[in-house]
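What follows is a single structure, written as structure tokens, with notes after it.
Order of the sequence lines fixes the chain letters, A, B, ..., with proteins taken first and strands second; residue numbering starts at 1 for each chain.
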There are 2 protein chains.
Amino acid sequence: MGVIRKTKAVEVLLNEFNNSSTAISAKKLIAELDSTFNKTTIYRVLDKLEDDGILHSFLGKEGLKWYAKCNGCTASEHADLHPHFQCLSCGKVECLTVSVTLPKIPNKKIETSQLLLQGKCEACFV
Amino acid sequence: MGVIRKTKAVEVLLNEFNNSSTAISAKKLIAELDSTFNKTTIYRVLDKLEDDGILHSFLGKEGLKWYAKCNGCTASEHADLHPHFQCLSCGKVECLTVSVTLPKIPNKKIETSQLLLQGKCEACFV
DNA sequence: AATATAACGCAACAGTGTTGCATTAACAAA
DNA sequence: TTTGTTAATGCAACACTGTTGCGTTATATT
């Protein structure tokens, strides 16, 4: 996987994630940065950042791909469980820090998992 | 949502799920029944069966939509947590019967959740 | 400055899933 | 059984996120 060059696209995207405490969908990034970067570039930079262990990705409610900064993940080994929360009202997605104990399934070797909790966030839950 | 008519498509699709202990992706059903039914019909019947609480759906690894028979779900209220297992080798998806205790998140109202465990099934895990 | 090659933009494509509309089939009532 | 209502179907075209090929540009190394 070559070296990461510090291009404008990499810089801008990293900034987005450093300034955001929530996860961001590829769709939103493309919409926001449409006039600045080609969508292909955005997809490729996100892929690369994920490969290099800087971001991790997961699928949100409608099959959209979301990205967020990794915490305590290395390029080769991500934390086993990535719990995320998506607000059904405003659509916002957050990474959760709580840990979930996985069920032990007989005759199966669990390698990874994705847990998506859905409901209402504090802003929408009144 | 009108009445469900017992059409050939409904009959055949229900049969598929009654004869299968695992979840089935819309993609696979379309591939299998291509010569019999139009894909639009298949998507619409699956939607309808889900609306009526007979099937439930969830997203698999690549954002593909999977369907499985509901157990203990009603049309209005599905069981809170749907744990599923997808084999990363053969792609098979199963509904799990184990229950998972959800983490309690402050200031959030969890309404539903999707837990997808990924790894190797007994057939592929040797 | 010259060179190697990663990253980029563009266009065209891939795949799953959706929509509009005219036609057909299921079901209830006469 | 026939009639009438309307749900269900097939077809074609579309919508959308994400991908691929390729020629060009920019980064970093020598």
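Per the geometry, CD belonging to Glu50(B) stands 10 Å off P belonging to dT18(C), to the nearest Å. Atom pair Glu11(B):CD and dT9(D):P shows a separation of 12 Å (rounding to whole Å applied). Computed from coordinates, the Lys65(A) NZ to dT16(C) C1' distance equals 16 Å when rounded to whole Å. Rounded to an integer number of Å, the gap from Leu29(B) CG to dT16(C) P is 13 Å. In this structure, CG of Leu59(A) is placed 14 Å from P of dT17(D), rounded to the nearest angstrom. We find that CG of Asp47(A) is positioned 12 Å from P of dA7(C), with the value rounded to whole Å. To the nearest angstrom, P of dC8(C) lies 9 Å from CG of Leu13(A). Rounded to whole Å, atom P of dT17(D) lies 15 Å from atom CG of Asn38(A).
At the heavy-atom level, Thr36(A) lies under 4.0 Å from the strands shown only through sugar-phosphate atoms. Thr40(A) comes within 4.0 angstrom of a nucleotide base, judged by non-hydrogen atoms across all strands. Among the atoms of the strands shown, none is found under 4.0 Å from any heavy atom of Ile30(A).
When each of Lys6(B) and Tyr43(B) is assigned the nucleotide of DNA chain C bearing its nearest heavy atom, the one mapping closer to the 5' terminus is Tyr43(B). For the pair Ile42(B) and Arg5(B), both in contact range of DNA chain D, the more 5′-proximal nearest nucleotide belongs to Arg5(B).
Side chains of Ser57(B) and Glu50(B): a donor on one and an acceptor on the other come within 3.5 Å.
In this structure, OG on Ser25(A) lies 12.5 Å from NZ on Lys65(A), to the nearest 0.5 angstrom. Rounding to the nearest 0.5 Å gives a distance of 11.0 Å between OG of Ser89(A) and CZ of Phe125(A). The SG atom of Cys124(A) sits 9.0 Å away from the CD atom of Glu122(A) when rounded to the nearest 0.5 Å.
Arg44(B) contributes no side-chain N or O that forms a donor-acceptor pair with the base of dG17(C) under 3.5 Å. You'll find a donor-acceptor pair under 3.5 Å spanning the side chain of Lys39(A) and the base of dG18(D), going by distance alone.
Residues Leu33(B) and Ile24(B) share a single hydrophobic cluster, defined by chaining ILVMFWY side chains whose heavy atoms lie under 4.5 Å apart.
In terms of phosphate contacts, Thr7(A) brings no side-chain nitrogen or oxygen within less than 4.0 Å of OP1 or OP2 of dA6(C). Contact check, Thr41(B) against dG10(D): a side-chain N or O comes under 4.0 Å of OP1 or OP2.
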